[in-house]
Amino acid sequence: MHALRHYTASGIAWVAALCAVLMLAGCATGPRISTEADPHADFSSYRTWAFYEPLAVEAYGYETATSEIVKRTVEREMQARGYVLDQDNPDLRVNVNAYMQRRTDVSSIPTVDYSYYYNYRARRYVAVPYWHDRTHVSRYTEGTMNVDLVDAAQNRLVWEGIAVGRVANMNAENREARISQAIAEIFVRYPHRAGMTAPAM
């Protein structure tokens, strides 16, 4: 399991990263979602929650329009699962982070080309096929978003959801919808409800 993170990335850089990462929800295939849970955690004992402090999306200690969307969406997802917001004595604390990395993909594609030579017997040019590999290099930005649930009493990470995908442009008009959708896709993989044990798979 990933160690509990204390993120210190620039607030401005984080906003740019989040805007880029969360467009992934708008892709045809969507982001790749993975999760990991602490096998020793008793999820049936968790009934209340609050945001982790300091929240990774507010590294400089102030709220932005983007972090406001993140918090509003997380609150809606936690409430839908029966958790009660308790700033003073929560069972769980929720942290959210996003970052970007440059990636390069190199692939080889078999390709056929033709050489031409003059056949004196046939008195014409003849095409001779030959095969070779054509190398294609693709450079892109990959975005990653983490939603961490932390046992408040132990300050221990008990569940993590991760969305990873290629970054594309996102504008102000679709930003909230895409951020909300990406967070919702992560929470779809969270199997627990407040005060209840998740059903066996």
Side-chain angles (χ1 to χ4, degrees), residues 1-22 24-25 31 33-101 143-164 170 175-196 198:
M1 176 171 292
H2 300 284
L4 181 63
R5 296 173 176 81
H6 295 281
Y7 303 106
T8 58
S10 162
I12 294 175
W14 183 90
V15 171
L18 184 65
C19 288
V21 170
L22 294 181
L24 301 174
I33 307 292
S34 62
T35 65
E36 191 168 3
D38 183 347
H40 304 294
D42 179 10
F43 286 90
S44 65
S45 67
Y46 303 137
R47 292 175 172 81
T48 60
W49 75 284
F51 284 106
Y52 193 84
E53 296 178 357
L55 191 63
V57 299
E58 296 175 348
Y60 284 148
Y62 52 80
E63 187 176 70
T64 66
T66 301
S67 68
E68 181 183 12
I69 295 170
V70 169
K71 292 194 292 186
R72 185 165 61 244
T73 305
V74 168
E75 184 170 353
R76 182 172 64 245
E77 294 294 330
M78 293 296 285
Q79 184 178 12
R81 287 156 181 79
Y83 294 98
V84 177
L85 183 62
D86 183 348
Q87 302 284 7
D88 299 322
N89 189 32
D91 299 322
L92 288 171
R93 289 194 178 274
V94 181
N95 203 0
V96 183
N97 185 49
Y99 58 94
M100 294 187 297
Q101 290 178 305
T144 301
M145 179 180 181
N146 298 67
V147 175
D148 295 347
L149 272 60
V150 179
D151 184 305
Q154 302 180 62
N155 198 34
R156 178 182 174 87
L157 181 65
V158 293
W159 189 87
E160 180 177 41
I162 305 170
V164 180
M170 183 169 66
R175 178 175 58 182
E176 180 164 2
R178 291 188 175 182
I179 290 174
S180 298
Q181 185 179 347
I183 294 175
E185 287 192 29
I186 291 176
F187 270 100
V188 163
R189 305 295 184 91
Y190 180 72
H192 306 283
R193 292 187 60 84
M196 298 175 61

*asked:* Taking the basic N atoms (NZ, or NE/NH1/NH2) and the acidic carboxylate oxygens, is any pair closer than 4.0 Å for Arg81 and Glu77?
replied: yes
*asked:* Tyr190: which residues meet the ring pair (Phe, Tyr, Trp, His ring centres under 6.0 Å) condition with it, sequence neighbours left out?
replied: Trp159, His192
_Contact summary for Ile33 and Ile186, nearest pair of heavy atoms_ = CD1-CG1, 4.1 Å
*asked:* Going by side-chain contact (heavy atoms from CB on, under 4.5 Å), name the residues that satisfy it together with Ser45, two or more places apart in sequence or in a different chain.
replied: Asp42
_Restricting to non-hydrogen atoms, name the atom on Leu157 and the atom on Asp148 that form the minimum distance, rounded to 0.1 Å._
CD1-CB, 3.5 Å
*Answer whether the closest heavy-atom distance between the side chains of Ile69 and Ile183 falls below 4.5 Å.*
no
*Is atom CD of Glu63 surrounded by more than 12 heavy atoms (other residues, nucleotides or ligands) closer than 6.0 Å?*
yes
*Taking all non-hydrogen atoms of both residues, which atom of Gln87 and which atom of Pro90 are closest, and how far apart?*
O-CD, 4.1 Å
*Who are the side-chain hydrogen bond (donor to acceptor under 3.5 Å, both in side chains) partners of Arg47, not counting sequence neighbours?*
none
*If you measure from NE2 on His40 to CZ on Arg156, what distance do you get to the nearest 0.5 Å?*
7.0 Å
*Between Ser180 and Arg76, is any pair of side-chain heavy atoms under 4.5 Å apart?*
yes
*Is any side-chain heavy atom of Lys71 closer than 4.5 Å to a side-chain heavy atom of Val96?*
no
*How far apart are the closest heavy atoms of Thr35 and Gly161, and which atoms are they?*
CG2-CA, 4.1 Å
_Let me confirm one number: the CZ-CZ distance from Phe51 to Arg93, rounded to the nearest 0.5 Å._
11.0 Å
*Flag the pair Ile179 / Thr66 as yes when at least one side-chain heavy-atom distance between them is below 4.5 Å, and no otherwise.*
yes
_Going by ring pair (Phe, Tyr, Trp, His ring centres under 6.0 Å), name the residues that satisfy it together with Tyr46, two or more places apart in sequence or in a different chain._
Phe43
*Any donor-acceptor pair under 3.5 Å linking the side chain of Arg193 with the backbone of Ala80?*
yes
*Positive for side-chain contact (heavy atoms from CB on, under 4.5 Å) with Glu160, one of Val147, Asp38, Val150, Asn146*: Asn146
*With sequence neighbours excluded, tell me which residues meet side-chain hydrogen bond (donor to acceptor under 3.5 Å, both in side chains) with Arg72.*
Glu176
*Tell me, please, which residues at least two apart from Asp91 pass side-chain hydrogen bond (donor to acceptor under 3.5 Å, both in side chains).*
Thr48
_Quick check: do Met78 and Leu85 have side-chain heavy atoms less than 4.5 Å from each other?_
no
*Report yes if some heavy atom in the side chain of Tyr83 is under 4.5 Å from a heavy atom in the side chain of Leu149; otherwise report no.*
no
*Any residue meeting side-chain hydrogen bond (donor to acceptor under 3.5 Å, both in side chains) with Asp88, in chain and number order, not counting sequence neighbours*: none
*Asn95 versus Leu55: any side-chain heavy-atom pair under 4.5 Å?*
yes
